[in-house]
Amino acid sequence: MQKKIYVAGLFDDDTASKVNAAVNAVAGVTSCASNASKAQVLVDFDEGVAGIEDAINAAIASANVEVLGG
């Protein structure tokens, strides 16, 4: 499954790299691309993994970026 997540606090490429690293470390994530100019994170993941969306949101938050709308 692919999901686009809108975020606040993704101001530069350094922060985007931190988000990518954190999200890619989540079991079940196959790819992650953060875009600071669009304030979004595009994630491909296995939706069969229990709790993966919450884990992805927590990984984004661990990089001091806020998930919007969800």
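It should be emphasised that the depicted structure is a prediction, and the values quoted were computed from it without experimental measurement.
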Go through it in stages, so that I can follow the logic: the residues are Thr15 and Asp12, the test is side chain to side chain donor-acceptor pair (under 3.5 Å), and I'd like the CA-CA distance, side-chain angles, deciding distance and then a yes or no. CA-CA 6 Å; Thr15 305; Asp12 55 33; 2.8 Å; yes

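- Looking at heavy atoms from C-beta onward, Val43 lies out of side-chain contact with Ser31 at the 4.5 angstrom threshold.
- Val26 and Ala59 get closest at one heavy-atom pair: CG2-CB, 3.8 Å.
- One hydrophobic cluster, built from ILVMFWY side chains closer than 4.5 Å, cannot hold both Leu42 and Ile60; they sit in different ones.
- Of all non-hydrogen atoms in Cys32 and Val41, the two that sit nearest each other are SG-CG1, 3.6 Å.
- Atom CG of Asn20 is separated from atom CG of Asn35 by 10.0 Å, given to the nearest 0.5 angstrom.
- Note that the CG atom of Asn57 and the OG atom of Ser62 stand 11.0 Å from one another [nearest 0.5 Å].
- For the side-chain contact (heavy atoms from CB on, under 4.5 Å) test with Ser34, the passing option among Ile5, Val19, Asp13 is Val19; the others fail.
- Annotation for Gln40 and Tyr6: closest pair OE1-CE2, 3.4 Å, computed over non-hydrogen atoms.
- Nearest approach of Val65 to Ala8, heavy atoms of both residues: CG1-O, 3.3 Å.
- For the atom pair OG1 of Thr30 and CG of Asp44, the computed distance is 4.5 Å after rounding to the nearest 0.5 Å.
- Among residues two or more places apart in sequence or in another chain, the side-chain contact (heavy atoms from CB on, under 4.5 Å) test is passed with Glu47 by Met1, Phe45.
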